[in-house]
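Below is one structure, written out as structure tokens, with a few remarks after it.
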Amino acid sequence: MKRVLAADAGQYIGKEILLQGWVHRIRQLGQVSFLLLRDRSGVVQTVVETGGWDIPDDITNEAVIAIRGEVGEDKRAPGGIEVRVKEREALSVISPSLEVSPIEINKKIDLLKTNLETVLAFRPLSLRNPDIRAIFKVQAEIIWAFREFLLKEGFTEIQTPKIVATGTEGGSQLFPVQYFERQAYLAQSPQFYKQIMVGSGFERVFEVGHAYRAEEHNTARHLNEYVSLDLEMGFIESEQDVMRMETGLLKFVFEHLRSTCEAELRLYKAEIPSFKEIPQITLAEAKEILKSQYKKDLGGAKDLDPEGERLICRHISKETGEELVYITAYPTEKRPFYTMPCSDNPELTKSFDLLYKGEEITTGGQRIHEYDRLLKNMKNFGLRADDFEFYLQTFKQGMPPHGGLAIGAERITKQLLNLSNIREASLFPRDRTRISP
RNA sequence: GGGGCGGUAAUUCAGUUGAUAGAAUGCCGGACUGUCGAUCCGGAUGUCGCGGGUUUGAGUCCCGUCCGCCCCGCCA
């Protein structure tokens, strides 16, 4: 008999079907017993009445079972559908000598009173909770839509090495790796490789891959290993082309979620932003707003602090109703050496950040494509050209004007679903103290 | 790197001036023919992080130690 998924049971009313899954919850009353069965599609109620099968001792929560029964309609059943049990078979029972799960797998998320620390310590079990798992359904759809949109825009997906000989940007600390007799590092960004691939003739490339930062941060928005949604594109006129691409990309991603993750979004009270254009302000303007509207003087700071990011988003939301805002024209000093300076002001760069509900989810910009200028800038930043010989090859041989960006996958998931900690948006987060599970 | 806080049942927590270790949820048993956070009745479960000290008596006070969490900076 072919297996039917819990969510599809309603299509088989009056017919006998085979269900397979985990025991989600058992409710035994005097003469009627309910067993909620969970599989990858959801939960369906199965029922046994007087004279039928009594639930045996070895059928406990989280046992894996197969149930054969007839699908019936009943207004009293959740969703109006239930399966009247004819036969069941235990595929995997749980020894009574084992401890019960520290995580309540069948609890709704708003009733689950468990610290994040415990949820993560028991990740293999907490991921069984459908509400917790919903986060990763949403994340998977975000990444699917990222791919789909870019493929349609003529991008090619690439995979670049995560074991590298040199750091790319400075600033961020690198994780050292012993690579046989040499010292290597985990890649903090695919930046150089993306640019090389633009120059290689692909023109437009993207990558979904891990990035590693050995910074000793320990916050609700940082991971030491995160999934970076990267893209890089050639033949642009300015960073505005990159921002236009991201605006189109995000529209597509959000619309995709609206149609594929309705239940998951409702669960987390997540509102899909709908926008025509994403407003833009320069960093200088943002600082001016903070000073005049919120009496927050950042002085000579080269970036917004987290509070500043929150306030700017609040301000933009009040003025325009938008939850997203591009911050542009960051100082040269604050950006990596490959960032294109503004033509009218070499102190500023053609780069941007994207803030979403008070937190940065993207950094991007136009890159320097002229060899001489890049070399000069490298020296200004105290970097040795010899260390980047493979990178510079590209620029010696004709490189189109280009730019790109990176979106933090866990960051955008967190912001969309209103999660309070980025670790919730990572299956197995790597942070300052956690390398297991 | 800087600052703050905590460790008591499987989980989330309470524990007063130092005097028999508590609640809720979960778990186990019983009752109930429609549950859906079921309800009702009963039950089991503790190295109070660890080590030392003060005291007739320490979860509580003192010293040491280990572990963890949160906030800030940095960034995606």
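Note on naming: letters A, B, ... go to the chains in the order of the sequence lines (proteins, then strands), and numbering restarts at 1 for each one.
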Which one, [options], comes nearest to the side chain of [X]?
| X | options | value |
| --- | --- | --- |
| A:N218 | B:rC70, B:rG34, B:rA76 | B:rC70 |
| A:Y226 | B:rU33, B:rA76, B:rC74 | B:rA76 |
| A:N61 | B:rC70, B:rC36, B:rC27 | B:rC27 |

Practice problem: Go through residues 428-437 of chain A and report each residue with a non-hydrogen atom lying under 4.0 Å from RNA chain B, sorted by number. | Solution: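 The answer is A:T433, A:R434.
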If you compare every side-chain N and O of [X] against the phosphate oxygens of [N] (OP1, OP2), does one of them come in below 4.0 Å?
| X | N | answer |
| --- | --- | --- |
| A:N421 | B:rC70 | yes |
| A:T363 | B:rA76 | yes |
| A:R221 | B:rG73 | yes |
| A:T118 | B:rU12 | yes |

Quiz prompt | Rounded C1' spacing from B:rC13 to B:rA21 in Å | solution =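 Rounded to whole Å, the distance is 14 Å.
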Quiz item: Once you round it to whole Å, what is the distance between C1' of B:rC74 and CG of A:N224?
Solution: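 Atom CG in A:N224 sits about 12 Å away from atom C1' in B:rC74.
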Practice problem: Mind calculating the distance between CG (A:L125) and C1' (B:rG26) to the nearest angstrom? | Solution: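 Atom-to-atom, A:L125 to B:rG26, this comes out as 14 Å.
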Self-check item: Heavy-atom donor-acceptor pair, A:H217 side-chain to B:rC74 base, under 3.5 Å
Solution: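 Answer no: no donor N or O sits under 3.5 Å from an acceptor.
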Quiz item: Do A:E82 and B:rG34 share a donor-acceptor pair, side chain to base, under 3.5 Å?
Solution: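 Side chain to base: pair present.
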Quiz item: If you write RNA chain B from 5' to 3' in dot-bracket form, with Watson-Crick or G-U pairs under 3.5 Å, [ ] for crossing pairs and | for pairs with another strand, what do you get?
Solution: (((((((..((((.....[..)))).(((((.......))))).....(((((..]....))))))))))))....
Quiz prompt | For the student: nearest non-hydrogen atoms of A:R432 and A:H217, plus distance | solution =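 Shortest heavy-atom contact: CB-O, 4.0 Å.
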Quiz item: For every nucleotide of nucleotides 38-45 of chain B, 5' to 3': is a protein heavy atom under 4.0 Å from its base (B), only from its sugar-phosphate (S), or from neither (-)?
Solution: B-------
Practice problem: For A:R430 and A:Y212, test the side chains for any donor-to-acceptor distance below 3.5 angstrom and give the result as yes or no. | Solution: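 Result is no, nothing qualifies.
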Practice problem: Using heavy atoms to find the nearest nucleotide of RNA chain B for A:L304 and A:K108 separately, return the residue whose nucleotide is more 5′. | Solution: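 The 5'-side residue here is A:K108.
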